[in-house]
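Got a structure here, written out as structure tokens. Questions coming.
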Amino acid sequence: MAAPTKITALRQALLDWYDREGRTLPWRLRPEDRRAGRVADPYAVWLSEIMLQQTTVPHATPYWFRFLELWPTVGDLAAAPREDVMREWAGLGYYARARNLHACAIEVSQQLNGRFPAELQPLRALPGIGEYTANAILAAAFDKPASVVDGNVERVLTRFYRIETAMPKAKPEIRKLAGELADPDRPGDYAQAIMDLGATICTPRSPDCEACPWAFACQGRARGDMLNYPKKLKKIARPIRHGTAWLVRRQGRVWLRQRADTGLLGGMMEVPSSEWGEAGVAGDPPFEAAWEDRGEIRHVFTHFELRLSVREAEAGPGWEPREGIWAEDNALQDHALPSVMHKVVSRRKPASER
DNA sequence: CAACCGTGGTG
DNA sequence: TCACCAAGGTT
């Protein structure tokens with residue numbers, strides 16, 4: 001274990017670097033803001049942390065502004081219809097986050113007087129808030145001591161200490177080190193500093209060690225094998241699933257329905273399709289018609305790749321769907337359509353050709 | 001605890 | 001093209 005004096009030196013080097021070169025992000029309190037006595041809005045911080053889970057800053061940023069504009073307080077978000085929340089989340093992915101986001105807003109609003117807890121366990125108990133997010137909120141929103149360990153911190157620390165244990169087994173070890181390193185006097189700035197270090201200097205593929213405030217003591221840097229960390233177990237190949245999507249039109253509208261509340265794309269809208277499985281199992285169309293072949297769309301999910309054959313037909317007057325809605329052709333953005341379904345819908349025959 | 005859960009960018 | 005990855009959580 002590192003000696004206390006060394007820990008102090010590391011803290012100082014990191015915070016000096018952060019004070020000098022730390023990024024400015026919309027949801028982030030800068031060091032000078034804290035010194036001026038400004039405090040963060042826990043709601044805005046929480047919103048950013050949920051959106052940033054497994055999501056890049058450029059992708060999440062416009063969503064964060066949009067949500068705050070629509071729902072400036074946690075009470076506003078809690079009062080919103082869930083379908084509105086799902087619609088605004090569409091395109092961000094991991095839709096359980098949106099369901100949990102709404103559930104969390106309702107819980108905070110109705111049971112906690114609209115205030116986010118400033119302690120670890122109550123935060124952890126809220127839907128969508130796990131170990132990382134609870135600690136991140138403690139640090140960023142309340143400037144309280146925390147052990148903030150995200151993918152950035154894992155990479156920085158496994159490289160720095162050349163931790164041989166493979167992820168995710170190394171997590172407890174990393175959490176302990178992160179907690180010891182964190183600056184008790186500036187928890188909020190420190191947490192953001194070490195994440196910034198991973199995001200901008202100690203990057204996955206081409207770390208800029210020359211610019212790193214920790215290069216002087218980094219074991220991976222000394223050995224020149226920092227790219228071998230963090231150690232990871234090899235992952236399994238992604239299987240391919242096939243299906244057929246039934247793109248049904250009726251007078252400038254498209255048939256959509258809501259997916260089941262849980263599981264993949266839970267609660268989002270979809271173009272109805274066959275089951276997704278082995279190739280060659282087309283399934284039955286919803287009605288007999290001269291279905292037009294509109295080609296195949298491909299979409300990569302986390303654990304499988306989907307190939308959907310798109311078939312299109314105009315529904316006759318005699319057919320009505322048992323469920324779902326007729327969405328206006330030119331107002332599809334008003335519905336909670338995930339990206340994969342936008343791909344399907346985009347195969348629609350242009351109105352000029354109908 | 002391993003599997004499940006999206007999307008878009010990048011080398 | 002393709003593998004990898006990004007401020008993880010839930011079951």
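Computed from heavy atoms alone, side chains included, the values below leave out hydrogens, waters and symmetry copies. Naming: A, B, ... by sequence-line order, numbering from 1 per chain.
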Problem - A/Phe301-A/His303 aromatic ring centre distance below 6.0 Å - result: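 Centroid distance A/Phe301-A/His303: not below 6.0 Å, so no.
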Exercise for the section: Considering only atom C1', compute the distance from B/dA2 to C/dA7 and round it to an integer number of Å. Expected result: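 Nearest-Å result for B/dA2 against C/dA7 at atom C1': 23 Å.
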Problem - Verdict with supporting geometry, A/Glu49 and A/Tyr132, side chain to side chain donor-acceptor pair (under 3.5 Å) - result: CA-CA 9 Å; A/Glu49 290 299 340; A/Tyr132 159 75; 2.7 Å; yes
Exercise for the section: Taking only heavy atoms on the protein side, list every residue of residues 181-194 of chain A lying under 4.0 Å from any atom of DNA chain C, sorted numerically. Expected result: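 None - not one residue of the stretch has a heavy atom sitting under 4.0 Å from the strand.
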Exercise for the section: Find out whether A/Asn152 and A/Ile194 are in side-chain contact, i.e. whether some heavy atom of one side chain is under 4.5 Å from a heavy atom of the other. Expected result: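 A side-chain contact is absent here, since even the closest heavy-atom pair is not under 4.5 Å.
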Exercise for the section: Using a 4.0 Å heavy-atom cut-off, write out nucleotides 4-11 of chain B from 5' to 3' as B (base contacted by protein), S (sugar-phosphate only) or - (no contact). Expected result: SBBBS-BS
Handout entry: C/dT11 versus B/dG6 - spacing of their P atoms, nearest Å
Key =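 My reading of the P atoms in C/dT11 and B/dG6 gives 14 Å.
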Problem - For atom CD of A/Glu49 and atom P of C/dG8, their distance in whole Å - result: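 Value for this atom pair: 9 Å.
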Exercise for the section: Assign A/Trp27 to base, sugar-phosphate, or nothing according to its heavy-atom contacts below 4.0 angstrom with the strands shown. Expected result: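 Here A/Trp27 touches the bases of the nucleic acid.
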Practice task
Return the value, rounded to whole Å, for the distance between atom CG of A/Asn135 and atom C1' of C/dG9.
Solution key: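 Answer to the nearest Å: 14 Å.
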Exercise for the section: Looking at every strand, decide which applies to A/Thr133 at a 4.0 Å heavy-atom threshold: base, sugar-phosphate, or nothing. Expected result: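 Sugar-phosphate contact only - A/Thr133 comes under 4.0 Å of backbone atoms but never of a base.
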Handout entry: Residue mapping more 5' on DNA chain C - nearest nucleotide basis, A/Arg124 or A/Leu25
Key =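 By nearest-heavy-atom nucleotide position, the 5'-most residue is A/Leu25.
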Handout entry: Separation of C/dC5 P from A/Asp150 CG (nearest whole Å)
Key =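 Roughly 15 Å, once rounded to whole Å.
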Practice task
Side-chain contact test, heavy atoms from C-beta onward, threshold under 4.5 Å: evaluate it for A/His102 versus A/Glu107 and give yes or no.
Solution key: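 No, too far: nothing below the 4.5 Å cut-off.
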Handout entry: Parallel, tilted or perpendicular, as decided by the 30° and 60° cut-offs, for the rings of A/Trp89 and A/Phe67
Key =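 The arrangement is perpendicular - the two ring planes meet at more than 60°.
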Practice task
Could you check how far NZ of A/Lys232 sits from C1' of C/dA3, rounded to whole Å?
Solution key: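 So the two atoms are 12 Å apart, to the nearest Å.
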Exercise for the section: Starting from C1' on C/dA7, measure out to CD1 on A/Ile137 and report it in whole angstrom. Expected result: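 It is 11 Å, rounded to the nearest whole Å.
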Exercise for the section: Calculate the interatomic distance between A/Leu233 atom CG and C/dA3 atom P; express it in whole Å. Expected result: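 Distance check: A/Leu233 CG to C/dA3 P gives 18 Å.
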Handout entry: Separation of atom CG in A/Asn152 from atom P in C/dC4, rounded to whole Å
Key =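 One finds 19 Å between P of C/dC4 and CG of A/Asn152, rounded.
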Problem - Nucleotide C/dT10, atom P - distance to OH of A/Tyr132 in whole Å - result: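 Atom-to-atom, A/Tyr132 to C/dT10, this comes out as 14 Å.
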Exercise for the section: Determine whether the side chains of A/Asp196 and A/Gln192 contain a donor N or O and an acceptor N or O closer than 3.5 Å. Expected result: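 Looking only at side-chain atoms, A/Gln192 and A/Asp196 do not form any donor-acceptor pair under 3.5 Å.
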Exercise for the section: Report the relative orientation of the aromatic rings in A/Trp255 and A/Trp319; use parallel for angles under 30°, tilted for 30 to 60°, perpendicular for over 60°. Expected result: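 Correct class here is perpendicular.
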Exercise for the section: State, yes or no, whether a side-chain contact exists between A/Val271 and A/Leu256 at a heavy-atom distance under 4.5 Å. Expected result: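 Sidechains of A/Leu256 and A/Val271: in contact.
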Practice task
Flag the pair A/Val310 / A/Trp246 as yes when at least one side-chain heavy-atom distance between them is below 4.5 Å, and no otherwise.
Solution key: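 A/Val310 vs A/Trp246: side chains apart.
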Exercise for the section: May I ask you to say what A/Pro168 touches in the nucleic acid, namely base, sugar-phosphate or nothing, with a heavy-atom cut-off under 4.0 Å? Expected result: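 Since no nucleic acid heavy atom lies under 4.0 Å of A/Pro168, the category is nothing.
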